[in-house]
Student: 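One structure coming up, written as structure tokens, with questions to follow.
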Amino acid sequence: MNNAWIARRSLLGGAGLLLASPLGAQAQTAKPRVAIQTSHGVIVVELEDKKAPITSANFLRYVDKKKFDGGSFYRASRARGAPEKGSIQGGPSYRTRRFAPIAHESTRLTGIRHKAGTISMARNEPGSATADFFICASPMAYLDARPGAPGDNQGFAAFGTVVKGMDVVRKILASKTDGVPQNPSMKGQMINPPVAMVSVRRV
């Protein structure tokens, strides 16, 4: 048996082991993760880039361009009578130039629900979301799409979940909120001072 044939067979066998290995499979299926370094600690989110591709790609575009650096968590919306429940909202600095708004990916289409730890896009009307987002500190099913309900029933575009740092989310939610509201509906929700986003990077 010649040496060239043996070498070729060994090389093919090695390649087969690599393709079949759990590490190779993991590399192909791994979801993107992003670390949000805040002045209160680190929050790591895992994005559902297959279920919510438009929203995930938009978020990563801001991350890769470092547009969240120097931004903040500026709003803590707490449930009345249950201050440990609610959500925190953040985004880039107001001086940061935003990309164009993205199409709305409804929870009805993605199947991603607003549970504790869910990260989702802030918006006005559907299709107006740019960079600002919020993280749920508790289940918030009323933020999901509600087909058949009156008015704007499309909900918000959830696109991932916190995999590390829910203690940081809860700490931010408990922040002092006597800042100047952007509109009457935000009265008592503006974090003062805002919690800084030091850096936001893929991990």
Student: Distance-only, no hydrogens or angles: does the S39 side chain make a donor-acceptor pair with backbone N or O of V195 under 3.5 Å?
Tutor: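 Looks like no, no N/O pair under 3.5 Å.
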Student: Counting heavy atoms not belonging to R113, are there more than 12 under 6.0 Å from its CZ?
Tutor: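 Result for CZ/R113: enclosed.
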Student: Give a yes or no answer on whether the side chain of R201 reaches the backbone of V34 with a donor-acceptor pair at less than 3.5 Å.
Tutor: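 No: the side chain of R201 does not pair with the backbone of V34.
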Student: Has the side chain of T110 got a donor or acceptor atom that lies under 3.5 Å from a matching backbone atom of A52?
Tutor: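 Here the side-chain-to-backbone pair does not exist.
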Student: Under 4.5 Å between side-chain heavy atoms, counting indirect links through other Ile/Leu/Val/Met/Phe/Trp/Tyr residues: same cluster for M166 and I36 or not?
Tutor: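 Yes, one cluster joins them.
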Student: Mind checking the CD-CE spacing from E105 to M121? Nearest 0.5 Å is all I need.
Tutor: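 The CE atom of M121 is 10.5 Å from CD of E105, to the nearest 0.5 Å.
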Student: Assess the side chains of R78 and S87: does a donor N or O sit below 3.5 Å from an acceptor N or O?
Tutor: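 Looking only at side-chain atoms, S87 and R78 do not form any donor-acceptor pair under 3.5 Å.
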Student: Does the side-chain contact (heavy atoms from CB on, under 4.5 Å) test come out yes or no for I119 and F159, once each step is laid out?
Tutor: CA-CA 6 Å; I119 181 171; F159 63 100; 3.7 Å; yes
Student: Side chain of E46, backbone of G160: donor and acceptor closer than 3.5 Å?
Tutor: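 Pair absent, no side-chain N/O of E46 close to backbone of G160.
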Student: How long is the span from the NZ atom in K51 to the OG1 atom in T107, to the nearest 0.5 Å?
Tutor: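 So the NZ of K51 and the OG1 of T107 are separated by 12.0 Å.
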Student: State the OG-CD1 distance between S72 and I191, to the nearest 0.5 angstrom.
Tutor: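 If I round to the nearest 0.5 Å, the distance is 8.0 Å.
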Student: Which value, rounded to the nearest 0.5 Å, describes the distance between I102 atom CD1 and R123 atom CZ?
Tutor: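 Atom-to-atom, I102:CD1 and R123:CZ are 11.5 Å apart.
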Student: Could you tell me whether D49 and K31 have a side-chain N and a carboxylate O separated by less than 4.0 Å?
Tutor: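 Result for this pair is no, no salt bridge flagged.
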Student: Would you give the length of the straight line joining atom CE of M140 to atom OG of S77, rounded to the nearest 0.5 angstrom?
Tutor: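 M140 atom CE to S77 atom OG measures 5.5 Å (nearest 0.5 Å).
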Student: Going by the angle between their ring planes, with limits at 30° and 60°, are F68 and F59 parallel, tilted or perpendicular?
Tutor: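 Tilted.
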Student: Could you walk me through whether H114 and S120 satisfy the side-chain contact (heavy atoms from CB on, under 4.5 Å) test, starting with their C-alpha distance in whole Å, then the side-chain angles of each, then the deciding distance to 0.1 Å, before giving a yes or no?
Tutor: CA-CA 8 Å; H114 288 87; S120 189; 2.9 Å; yes
Student: Step by step, would you call V163 with V45 a side-chain contact (heavy atoms from CB on, under 4.5 Å)?
Tutor: CA-CA 6 Å; V163 293; V45 294; over 6 Å; no
Student: Taking the six-membered ring for Trp, is the centroid-to-centroid distance between F133 and F156 below 6.0 Å?
Tutor: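 Aromatic pair excluded; centres sit 6.0 Å or further apart.
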Student: Run the numbers on I88 and V169 for side-chain contact (heavy atoms from CB on, under 4.5 Å), then give the verdict.
Tutor: CA-CA 7 Å; I88 60 173; V169 173; 4.0 Å; yes
Student: I'd like to check the side-chain contact (heavy atoms from CB on, under 4.5 Å) partners of M186; sequence neighbours left out, ordered by chain and number.
Tutor: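 For M186 the side-chain contact (heavy atoms from CB on, under 4.5 Å) partners, ignoring immediate neighbours, are R75, P181, Q182, N183, Q189, M190.
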Student: With K65 as the cation and F99 as the aromatic partner, state whether NZ or CZ is under 6.0 Å from the six-membered ring centre and within 45° of the axis.
Tutor: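 No, a cation-pi geometry is absent between K65 and F99.
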Student: May I ask you to say whether R170 pairs ionically with E84, meaning some side-chain N is under 4.0 Å from a carboxylate O?
Tutor: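 Answer for the salt bridge query: no.
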Student: For the hydrophobic clusters of this structure (ILVMFWY residues joined by side-chain heavy atoms under 4.5 Å, transitively), does one cluster hold both L143 and L47?
Tutor: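 No; tracing contacts between hydrophobic side chains, which count when under 4.5 Å, never links both residues.
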Student: Is I43 close to K164 at the side-chain level, that is, under 4.5 Å between some pair of heavy atoms?
Tutor: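 SC-SC contact between K164 and I43 ruled out.
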Student: Report yes or no: does T118 contribute a side-chain atom to a donor-acceptor pair with the main-chain N or O of K115 at less than 3.5 Å?
Tutor: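 At least one qualifying donor-acceptor pair exists.
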Student: Output every pair passing side chain to side chain donor-acceptor pair (under 3.5 Å) with a member in residues 127-140, not counting sequence neighbours, ordered by first then second residue.
Tutor: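 For residues 127-140, and leaving out neighbouring residues, the side chain to side chain donor-acceptor pair (under 3.5 Å) pairs sorted by first residue read Y74-D132, R98-D132.
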Student: Hey, quick one: are V63 and I135 part of the same hydrophobic cluster, counting side-chain heavy atoms closer than 4.5 Å, chains of contacts allowed?
Tutor: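 Yes, V63 connects to I135 through the hydrophobic network.
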Student: If you round to the nearest 0.5 Å, how far is OG of S93 from CE of M197?
Tutor: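 Interatomic distance, M197 CE to S93 OG, rounded to 0.5 Å: 11.0 Å.
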